[in-house]
Amino acid sequence: YRMYNRYGGEHHYTTSWEERHNLFMAGWKDEGVGWYSGGSKPLYRQYNPNAFANNHNYTTSTNERDTLLRLGWRDEGIAWYGW
């Protein structure tokens, strides 16, 4: 799902219906399905608790993920799988 926060000007992507629903109830705009995922390569999601907007990072790099975690970002696990 692709969600849009018009106050922060950011998009958020999730495969979780529950997360989509919670964001929608908090005022985010539901933009529907952004794309379909597949494959076997994990794409990791991290959250920066110190940023107001655009506070998520998506990466297939475990090095980038681990570097951000050491800098205080929060690990949100695997967002989806790709090619």
Side-chain angles (χ1 to χ4, degrees):
Y1 304 99
R2 179 175 142 147
M3 305 298 292
Y4 179 69
N5 180 335
R6 63 182 162 265
Y7 302 110
E10 71 176 309
H11 283 93
H12 182 74
Y13 305 93
T14 182
T15 59
S16 167
W17 183 91
E18 183 177 355
E19 185 175 28
R20 183 214 66 77
H21 178 73
N22 290 339
L23 290 172
F24 178 76
M25 296 306 292
W28 289 59
K29 181 180 178 190
D30 182 0
E31 295 186 333
V33 175
W35 64 82
Y36 292 96
S37 60
S40 60
K41 188 170 186 117
L43 191 133
Y44 306 102
R45 188 173 92 182
Q46 306 82 50
Y47 172 75
N48 183 347
N50 301 310
F52 170 71
N54 300 309
N55 48 4
H56 279 91
N57 183 64
Y58 303 86
T59 185
T60 58
S61 167
T62 55
N63 185 46
E64 180 180 9
R65 177 201 62 195
D66 294 346
T67 298
L68 291 176
L69 296 181
R70 282 192 297 276
L71 293 173
W73 290 61
R74 295 185 187 150
D75 187 11
E76 293 191 330
I78 296 172
W80 59 80
Y81 290 87
W83 298 102

What is the distance from atom [atom1] of [X] to atom [atom2] of [Y], rounded to the nearest 0.5 Å?
X: Arg45; Y: Asp75; atom1: CZ; atom2: CG; value: 10.0 Å
X: Trp28; Y: Arg6; atom1: CH2; atom2: CZ; value: 11.0 Å
X: His11; Y: Lys29; atom1: NE2; atom2: NZ; value: 8.5 Å
X: Trp80; Y: Tyr36; atom1: CH2; atom2: OH; value: 14.5 Å
X: Arg74; Y: Asn48; atom1: CZ; atom2: CG; value: 9.0 Å
X: Glu10; Y: Asn5; atom1: CD; atom2: CG; value: 5.5 Å

Just distance, no hydrogens or angles: give the donor-acceptor pairs under 3.5 Å from side chains in residues 65-73, sequence neighbours left out.
from  : atom 1 : to    : atom 2 : distance (Å)
Thr67 : OG1    : Asn63 : O      : 2.9
Thr67 : OG1    : Arg70 : NH2    : 3.3

> Going through the checks in order, is the side chain to side chain contact (heavy atoms under 4.5 Å, CB included) test met by Ile78 and Tyr44?
Replying inline: CA-CA 4 Å; Ile78 296 172; Tyr44 306 102; 3.8 Å; yes
Under 6.0 Å from the [atom1] atom of [X], do we count more than 12 heavy atoms belonging to anything else shown?
X: Trp83; atom1: CH2; result: no
X: Tyr47; atom1: OH; result: yes
X: Phe24; atom1: CZ; result: no

>> On a heavy-atom basis, which atom in Arg20 and which in Thr14 lie closest, and how many Å separate them?
In response: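 That would be N-CG2, 4.1 Å.
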> Angle class for the Trp35/Tyr13 ring planes (parallel below 30°, perpendicular above 60°, tilted otherwise)?
Replying inline: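 Correct class here is tilted.
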> Should the pair Tyr58 and His12 be assigned to parallel (<30°), tilted (30 to 60°) or perpendicular (>60°) ring geometry?
Replying inline: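 Rings of Tyr58 and His12: tilted, 30 to 60°.
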